[in-house]
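For this chain, numbers begin at 1 and follow the sequence in order. Values below: every heavy atom of this structure, side chains too, minus hydrogens, waters and symmetry copies.
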Amino acid sequence: MEFFLVVQEELSDDDFQDSASYYGIEDIVTELIELLRSEGETASDNTPRWEEFETLASEYEVAL
């Protein structure tokens, strides 16, 4: 999952948003960033549950 690469590499929000804009996926990227920053408090219908997000991060060996 590319989002975990961004977390792992600590890509700046501006760079990440620029890439999201280029690919036309700004909405979901914004929601994923909100999910990450709030540690699951601002989940939406478009994002995984926080527990699923943590599990995936662990599987990819990414520290949140």
Pair listing, ring pair (Phe, Tyr, Trp, His ring centres under 6.0 Å) test, anchored in residues 29-51, at least two apart: Trp50-Phe53

Taking every non-hydrogen atom, the tightest pair across Pro48 and Leu32: CD-CD2, 4.1 Å

Qualifying residues under side chain to side chain contact (heavy atoms under 4.5 Å, CB included), relative to Thr42, sequence neighbours excluded: Glu34, Ser38

Salt bridge (Lys or Arg N to Asp or Glu O under 4.0 Å) partners for Glu59, two or more places apart: none

Which donor-acceptor pairs under 3.5 Å do side chains of residues 24-31 form with protein atoms, sequence neighbours excluded?
| from | atom 1 | to | atom 2 | distance (Å) |
| --- | --- | --- | --- | --- |
| Glu26 | OE2 | Ser21 | OG | 3.3 |
| Thr30 | OG1 | Glu26 | O | 2.9 |
| Glu31 | OE1 | Ser44 | OG | 2.8 |
| Glu31 | OE1 | Asn46 | ND2 | 3.2 |
| Glu31 | OE2 | Asn46 | ND2 | 3.4 |

Leu35 side, atom CG; Arg49 side, atom CZ - distance, nearest 0.5 Å: 11.5 Å

